[in-house]
Amino acid sequence: MNPLATASRRAPECRSPWRAVGAVALALVLPGPAQAQQIPAIAVDVGHTLAAPGAISARGRSEFDFNRELAGRLVAALERLGLRAELINADGRIESLQARPERAAQAVFLISIHHDSVSERYLTPWEWQGQALDFSDRWAGHSLFVSRRNPDVAASLMCASAIGARLQRSGFMPTDKNARRREYADAQHAVHYYDNLVVLYGAHQPAVLFEAGVIKHRDEELLLRDPERQQRMADEIATGVAACVTAGGIAAAPRTD
């Protein structure tokens, strides 16, 4: 069965405490200048770099380019909901993995944006516009990751589940691909534990890594390139984040770094 066959349909409503996160997030009010420093700040990390661009899609585009596009849309979506958002690694020249959480030190929440690939043994060679490339149409869909080494794993998981719930309620379909290697933290919302990711365990605050989809899948790659779909995905992620940091109490939690 094509894993994208139902991607455009609205998924069944999730039975989750996050069913109403949209209403909570959309109730945020943009403050005046005097309140600007009171607004929760969200760090949005662009995964990979120009020098190490990550996976290459079925049609030859780097993961970094996908990541930067979606991260930029997410920043704008968060700001529309009344949050401050900081884009980390926008130029693709960040000096190290450790520098990512350090740049995000003043934020109340960190989300790192990525796009997924598949193991080499599942790839099939093909040619696209004269380029020798490869693809795998075996898996498609998003997934999320948290680390048990993060200083606030409970809040990290709460936010990941909120994001996953919003995406599924809007018709975005998760993948079970990563369950083969990564234990589920929340199977219903495709959240996995990935304890040794530096950007997650090195963070000073709750943190989530988001894989937007599988760029080796030929059909999903085209969806992931679509600006309108990118915007819908960014809006749902932002709504989940906004609810988590406000209704979830993260914005008011004392810092311990």
Going by the rule salt bridge (Lys or Arg N to Asp or Glu O under 4.0 Å), which residues pair with E183 if we only count those two or more places apart in sequence or in a different chain? R148
Could you check whether any side-chain heavy atom of P206 comes within less than 4.5 Å of a side-chain heavy atom of I250, counting everything from C-beta outward? yes
Only counting residues at least two apart or in another chain, list the ones meeting side chain to side chain donor-acceptor pair (under 3.5 Å) with Y193. none
What pairs of residues pass the salt bridge (charged side-chain N to carboxylate O under 4.0 Å, His left out) test when at least one of them lies in residues 153-163, not counting sequence neighbours? none
Is it true that the NZ or CZ of R218 lies under 6.0 Å from the centre of W128's six-membered ring and within 45 degrees of the ring axis? no
Is the backbone of Q205 close enough, under 3.5 Å, to the side chain of N150 for a donor and an acceptor to pair up by distance? yes
Would you please name every residue forming a side chain to side chain contact (heavy atoms under 4.5 Å, CB included) with A190, sequence neighbours left out? P174
Going by side chain to side chain donor-acceptor pair (under 3.5 Å), name the pairs with one or both residues in residues 57-66, residues two or more places apart or in two chains. H48-E63, S57-E221, R59-E221, R61-E69, S62-D65, E63-N67, E63-H114
Any chance you could measure I56, atom CD1, to Q131, atom CD, to the nearest 0.5 Å? 9.5 Å
Does A90 offer a backbone N or O that forms a donor-acceptor pair with the side chain of R68 under 3.5 Å? yes
Hey, are the side chains of V214 and S117 touching, using non-hydrogen atoms and a 4.5 Å cut-off? no
Residues at least two apart in sequence or cross-chain that pass salt bridge (Lys or Arg N to Asp or Glu O under 4.0 Å) with E120, listed by chain then number, are none
For D134, the side chain to side chain donor-acceptor pair (under 3.5 Å) test, sequence neighbours excluded, returns K216
Quick check on the hydrophobic clustering: are F172 and I113 connected, directly or via other members, by side-chain heavy-atom contacts under 4.5 Å? yes
Going by side chain to side chain contact (heavy atoms under 4.5 Å, CB included), name the residues that satisfy it together with A76, two or more places apart in sequence or in a different chain. R80
Nearest 0.5 angstrom please: R73 CZ to I237 CD1, how far? 12.0 Å
Contacts of E211 meeting salt bridge (Lys or Arg N to Asp or Glu O under 4.0 Å) (sequence neighbours excluded), chain-then-number -> none
Main-chain N/O of K177 paired to T175 side chain as donor or acceptor, under 3.5 Å: yes
R93 CZ: over 12 foreign heavy atoms closer than 6.0 Å: no
Tell me, which pairs form a ring-ring contact (aromatic ring centres under 6.0 Å, His included) where one or both residues lie in residues 62-84, sequence neighbours left out? F66-H115
All salt bridge (Lys or Arg N to Asp or Glu O under 4.0 Å) counterparts of R103, not counting sequence neighbours: E95
Candidate pair D226 and Q230, rule side chain to side chain donor-acceptor pair (under 3.5 Å), full reasoning: CA-CA 6 Å; D226 178 54; Q230 289 174 1; over 6 Å; no
To the nearest 0.5 Å, what is the distance between CG (L70) and CZ (R229)? 10.0 Å
Considering residues at least two apart in sequence or located in another chain, which fulfil the side chain to side chain donor-acceptor pair (under 3.5 Å) criterion with N196? R149
dist T124:OG1 -> D137:CG (nearest 0.5 Å) comes out at 8.0 Å
Any chain of hydrophobic side-chain contacts (each under 4.5 Å) joining F109 to L157? yes
When you look at CD of E228, are more than 12 heavy atoms from neighbouring residues, nucleotides or ligands closer to it than 6.0 Å? no
